[in-house]
Peer 1: 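Before I ask anything, let me first share the structure, which is written out below as structure tokens.
Sequence positions, counted from 1, serve as the residue numbers for this chain.
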Amino acid sequence: MKSLFHWFSTWPGLFMASAFLLLLSTIDRHLSVFFFGAFVPLLFFQQEQIRHLKGPFASMLMPWIALFLWQGIDLLWLSKMGLEKVFLIAFCNSLIFTLPFFARYVFLNRGRPVLANLIWLSSWVALEFLHVQWSLAFPMFQLGNFLAVWPQFIQWYEWTGVFGGSLWILGGNLLILHAFTAEAKQYSIRAVYLATLLLIPIAISFVLEMRFAEGEKTVEVLSLHPNTNCYSEKFVIPQHELIDTYLSYTAEALKPSTRFVIWPETAIPQGPWLSSLTNDPDIQRIRDLLSRFPSTNFITGINTYATLDNPHPALTALNPEVTTIKDPKYLSYNTILHLADQQGIQMRSKSRLVPFEETEALTGILRPLQKWIGSASGKHYSSFRHNPVTQLAKDQRIRTATLICYESAFGGISAEMSRKGADLLFVLLNEGWYDNLRGAQKFLDLSVLRAIETRKSIVRSSNRGISAAISPTGKILSYLDEQETAILQTEVSLNEGVTLYSRLGDWVAYLTILAGLLCFPALLFFHGPPVSKPDTNEL
């Protein structure tokens with residue numbers, strides 16, 4: 001036991017301990033509490049490197065290895081789409097999030113430990129914020145996302161969004177580090193600080209959940225769960241046969257009281273040219289069904305197309321030359337259609353596309369890799385400049401907004417929809433490409449977070465993952481993950497209020513980044529005591 005403890009106190013033991021805790025926190029969702037402490041070995045190792053006058057190389061290499069192992073193994077649920085994608089995403093993400101450790105090293109080396117910890121925390125949050133803004137966006141590893149399995153602990157996300165959870169985890173790691181390295185007489189004081197940080201947010205969360213009152217108005221929603229295999233069925237079976245099956249299940253469950261029917265993302269895989277949208281026979285068959293239920297609204301995902309010289313005015317392409325891999329002679333759109341009896345067609349296209357899979361990311365730098373990476377569908381969707389993300393579908397006094405799959409990973413999109421007046425949110429997904437429930441569960445967790453952040457009910461329709469209804473407090477009301485075609489029939493509440501997060505967006509990230517920027521003048525003008533030479537054996 002003593003030798004094992006000694007090994008874990010050495011540099012390989014410390015970085016392996018962090019890698020192990022990070023993996024433990026993600027392999028089983030219910031072990032996400034281990035994030036509170038997963039970074040402590042790396043932070044302690046870095047302090048020891050400084051104390052023994054080591055250079056920055058090891059202080060960056062060890063965090064990078066730990067982060068790469070964590071993210072690479074956690075992303076194996078994407079392996080069916082290609083191990084090269086797993087490697088590239090893990091490599092880029094882990095390399096980027098090594099930068100906060102380098103910034104901390106610089107400040108520690110200048111004798112400013114308090115500022116070093118603050119710059120580590122703020123730069124990590126800054127990079128998470130960057131990761132929801134640029135074309136290489138992959139927000140799945142935002143630390144606050146991993147707390148979705150404990151919705152009763154994070155009801156205050158309605159104030160802070162996911163960045164509040166990230167700040168909570170990072171702050172917890174710093175306090176544990178200080179408690180671990182404190183002198184014996186300070187243990188009790190540091191323990192009180194740590195307990196305060198962990199328990200007060202949980203207590204606030206319980207109070208918020210008890211005090212929250214859902215809206216009195218409810219609506220009935222039908223969510224199709226078709227369980228269509230993307231590789232052997234969805235793009236192979238004739239489309240009219242797929243639509244026949246979907247319509248059959250829908251018609252069997254439809255009632256006059258049904259207000260909304262939702263189908264998954266790209267449920268109609270080979271849709272029409274936008275110039276002939278109103279005359280498309282598949283859309284007309286849906287309209288024929290709706291004519292028997294005048295109070296029902298129909299929302300579905302569909303692939304639509306336009307010529308380069310005649311794009312749809314609502315779906316203006318930013319890069320019309322970046323369309324499909326095989327034939328770049330037309331624009332392809334991942335679209336939502338909203339139909340109601342005797343009304344026109346409302347639609348919008350997907351605004352956040354999956355890097356490398358649905359769009360080229362950082363084309364000037366990474367385009368040479370695109371041929372190597374490819375796309376599971378063989379297609380890249382057009383990207384957009386003037387896409388109406390906040391377009392709302394009106395049903396008399398009911399206002400709804402719909403997220404398309406990857407958009408549900410971005411809290412800012414649902415917050416904007418709520419701010420613009422949405423009372424109910426839908427999420428349409430096509431989770432059949434990776435063909436396992438681990439990935440589907442991750443996307444379900446994201447919907448739980450969006451529900452808490454906006455205090456809106458969410459109904460999901462998934463092609464081959466998990467279709468579900470979620471309450472404004474993040475509770476799973478009902479769900480389907482059976483490997484069969486089915487309809488989820490549910491009744492959810494409408495909520496008209498707008499949360500603080502929906503009003504102000506990622507204000508927690510802004511303030512944290514600002515606090516980090518204020519560290520640099522202090523580093524330039526105020527120097528701490530020089531780092532003392534070691535009086536013990538080196539690590």
Peer 1: Any donor and acceptor pair, going by atom type alone, linking the side chain of S232 with main-chain N or O of N229 inside 3.5 Å?
Peer 2: no
Peer 1: Where do S457 and S493 land on the side-chain hydrogen bond (donor to acceptor under 3.5 Å, both in side chains) test, with the steps shown first?
Peer 2: CA-CA 6 Å; S457 298; S493 64; 3.3 Å; yes
Peer 1: Locate the shortest heavy-atom distance separating Y249 from I487; write the atom from each residue and the value.
Peer 2: O-CG1, 3.7 Å
Peer 1: Using the side chain to side chain contact (heavy atoms under 4.5 Å, CB included) definition, which of the options I243, I299, I302 pairs with W263?
Peer 2: I243
Peer 1: Say whether D280 and Q284, considering side chains only, have a donor N or O and an acceptor N or O under 3.5 Å apart.
Peer 2: no
Peer 1: Looking at every non-hydrogen atom in both residues, tell me the closest pair between A306 and L274 and how far apart they are.
Peer 2: CB-CD1, 4.1 Å
Peer 1: K217: which residues meet the salt bridge (charged side-chain N to carboxylate O under 4.0 Å, His left out) condition with it, sequence neighbours left out?
Peer 2: none
Peer 1: Going by distance alone, is a donor N or O of one side chain under 3.5 Å from an acceptor N or O of the other, for N334 and E265?
Peer 2: yes
Peer 1: Between N303 and P269, is there a donor-acceptor pair closer than 3.5 Å when you use the side chain of the first and the backbone of the second?
Peer 2: yes
Peer 1: For the pair L290 and L339, evaluate side chain to side chain contact (heavy atoms under 4.5 Å, CB included) and give the outcome as yes or no after the intermediate values.
Peer 2: CA-CA 8 Å; L290 290 178; L339 306 174; 3.9 Å; yes
Peer 1: Under the salt bridge (Lys or Arg N to Asp or Glu O under 4.0 Å) definition, can you give me all pairs with a residue in residues 227-239, not counting sequence neighbours?
Peer 2: none
Peer 1: Can K255 and E220 be counted as an ion pair, charged N to O under 4.0 angstrom?
Peer 2: yes
Peer 1: Considering residues at least two apart in sequence or located in another chain, which fulfil the ring pair (Phe, Tyr, Trp, His ring centres under 6.0 Å) criterion with W168?
Peer 2: F36, W156
Peer 1: May I ask you to test the T335-T266 pair for a side-chain heavy-atom distance under 4.5 Å?
Peer 2: no
Peer 1: Measuring from atom CG of L444 to atom OG of S462, what distance do you get when rounded to the nearest 0.5 angstrom?
Peer 2: 9.5 Å
Peer 1: When you measure from the side chain of S471 to the backbone of K475, do you find a donor-acceptor pair of N or O atoms at a distance under 3.5 Å?
Peer 2: yes
Peer 1: Show me the pairs that pass salt bridge (Lys or Arg N to Asp or Glu O under 4.0 Å) and involve residues 126-149, at least two apart or across chains.
Peer 2: none
Peer 1: So, using side-chain hydrogen bond (donor to acceptor under 3.5 Å, both in side chains) as the criterion, who are the partners of T218 when residues are at least two apart?
Peer 2: E491
Peer 1: Do you know the tightest heavy-atom contact between A451 and I470?
Peer 2: CB-CG2, 3.9 Å
Peer 1: Testing the basics here: between L425 and S414, what is the closest heavy-atom pair and its distance to 0.1 Å?
Peer 2: CD1-CB, 4.0 Å
Peer 1: For Y479, is the OH atom crowded, meaning more than 12 foreign heavy atoms sit under 6.0 Å from it?
Peer 2: no
Peer 1: Filter on salt bridge (Lys or Arg N to Asp or Glu O under 4.0 Å), then keep only pairs touching residues 445-455, sequence neighbours left out; what's left?
Peer 2: R29-D445, E158-R455, R450-E453
Peer 1: Is a donor on one side and an acceptor on the other found under 3.5 Å between the side chain of T304 and the backbone of W273?
Peer 2: no
Peer 1: Please enumerate all residues that pass salt bridge (charged side-chain N to carboxylate O under 4.0 Å, His left out) together with D74, with sequence neighbours excluded.
Peer 2: R438, K442
Peer 1: Would you please name every residue forming a side-chain hydrogen bond (donor to acceptor under 3.5 Å, both in side chains) with S223, sequence neighbours left out?
Peer 2: none
Peer 1: How many angstroms lie between atom OG1 of T473 and atom CD1 of I154, to the nearest 0.5 angstrom?
Peer 2: 11.0 Å
Peer 1: Verify the distance criterion only: is there a donor paired with an acceptor across the side chains of T258 and T296 at less than 3.5 Å?
Peer 2: no
Peer 1: Testing the basics here: between G465 and A440, what is the closest heavy-atom pair and its distance to 0.1 Å?
Peer 2: CA-CB, 3.7 Å
Peer 1: Do Y305 and Q270 have a side chain donor and acceptor closer than 3.5 Å?
Peer 2: yes
Peer 1: May I ask you to check whether T300 and Y246 show a side-chain donor-acceptor distance below 3.5 Å?
Peer 2: no
Peer 1: Going by atom type alone, with no hydrogens or angles, which donor-acceptor pairs under 3.5 Å involve a side-chain atom of residues 136-152 and a protein atom two or more places apart or on another chain?
Peer 2:
unit_1 : atom_1 : unit_2 : atom_2 : d
N145   : ND2    : P139   : O      : 2.8
W150   : NE1    : S32    : OG     : 3.2

Peer 1: Treating S276 as the side-chain partner and P272 as the backbone partner, does any N or O pair qualify as donor plus acceptor under 3.5 Å?
Peer 2: no
Peer 1: Do the side chain of K350 and the main chain of Y333 share a donor and acceptor less than 3.5 angstrom apart?
Peer 2: no
Peer 1: Can you tell me which residue among R259, H338, Q346 is in a side-chain hydrogen bond (donor to acceptor under 3.5 Å, both in side chains) with N297?
Peer 2: H338
Peer 1: Can you name the salt bridge (charged side-chain N to carboxylate O under 4.0 Å, His left out) partners of D282, sequence neighbours left out?
Peer 2: R285
Peer 1: List for me each residue that meets ring pair (Phe, Tyr, Trp, His ring centres under 6.0 Å) alongside F97, sequence neighbours excluded, and say none if there are none.
Peer 2: W124, H131
Peer 1: Any idea how F163 and F129 line up, ring-wise: parallel (<30°), tilted (30 to 60°), or perpendicular (>60°)?
Peer 2: tilted
Peer 1: Under the side chain to side chain contact (heavy atoms under 4.5 Å, CB included) rule, what do L277 and L337 come out as? Steps first, then yes or no, please.
Peer 2: CA-CA 10 Å; L277 185 64; L337 294 187; 4.3 Å; yes
Peer 1: Taking all non-hydrogen atoms of both residues into account, name the closest pair between V492 and A469 and its distance.
Peer 2: CG1-CB, 4.1 Å
Peer 1: Please evaluate residues E496 and R399 with respect to the criterion salt bridge (charged side-chain N to carboxylate O under 4.0 Å, His left out), reporting the C-alpha separation (whole Å), side-chain torsions for both, the decisive distance (0.1 Å), and the verdict.
Peer 2: CA-CA 9 Å; E496 298 179 355; R399 294 167 65 84; over 6 Å; no
Peer 1: For the residue pair R352 and F410, would you count it as a cation-pi contact if the rule is NZ or CZ under 6.0 angstrom from the ring centre and within 45 degrees of the ring axis?
Peer 2: yes
Peer 1: Please confirm whether the backbone N or O of P238 pairs with a side-chain atom of E241, one donor and one acceptor, at under 3.5 Å?
Peer 2: no
Peer 1: Return the set of residues passing side-chain hydrogen bond (donor to acceptor under 3.5 Å, both in side chains) with Y501 (not counting sequence neighbours), or none when no residue passes.
Peer 2: D506
Peer 1: How far apart are the C-alpha atoms of F35 and L22, what are their side-chain angles, what is the distance that settles it, and do they pass the side chain to side chain contact (heavy atoms under 4.5 Å, CB included) test?
Peer 2: CA-CA 6 Å; F35 274 113; L22 289 168; 3.7 Å; yes
Peer 1: Between Q155 and S205, does the side-chain hydrogen bond (donor to acceptor under 3.5 Å, both in side chains) criterion hold? Intermediate values first, please.
Peer 2: CA-CA 5 Å; Q155 294 297 307; S205 182; 4.9 Å; no
Peer 1: When you look at D423 and N495, which way does the side chain to side chain contact (heavy atoms under 4.5 Å, CB included) test go after all the steps?
Peer 2: CA-CA 5 Å; D423 304 321; N495 294 277; over 6 Å; no
Peer 1: Just by distance, do the side chain of E407 and the backbone of S351 share a donor-acceptor pair under 3.5 Å?
Peer 2: yes
Peer 1: If only atom types and distance count, is the side chain of S94 paired as donor or acceptor with the main-chain N or O of L67 below 3.5 Å?
Peer 2: no
Peer 1: Does the side chain of F153 reach to within under 4.5 Å of the side chain of P201, using non-hydrogen atoms?
Peer 2: no
Peer 1: Test your reading of the model: is there a side-chain donor-acceptor pair from T499 to the backbone of S502, 3.5 Å cut-off?
Peer 2: yes
Peer 1: Has E216 got more than 12 heavy atoms of other residues, nucleotides or ligands less than 6.0 Å from its CD?
Peer 2: no
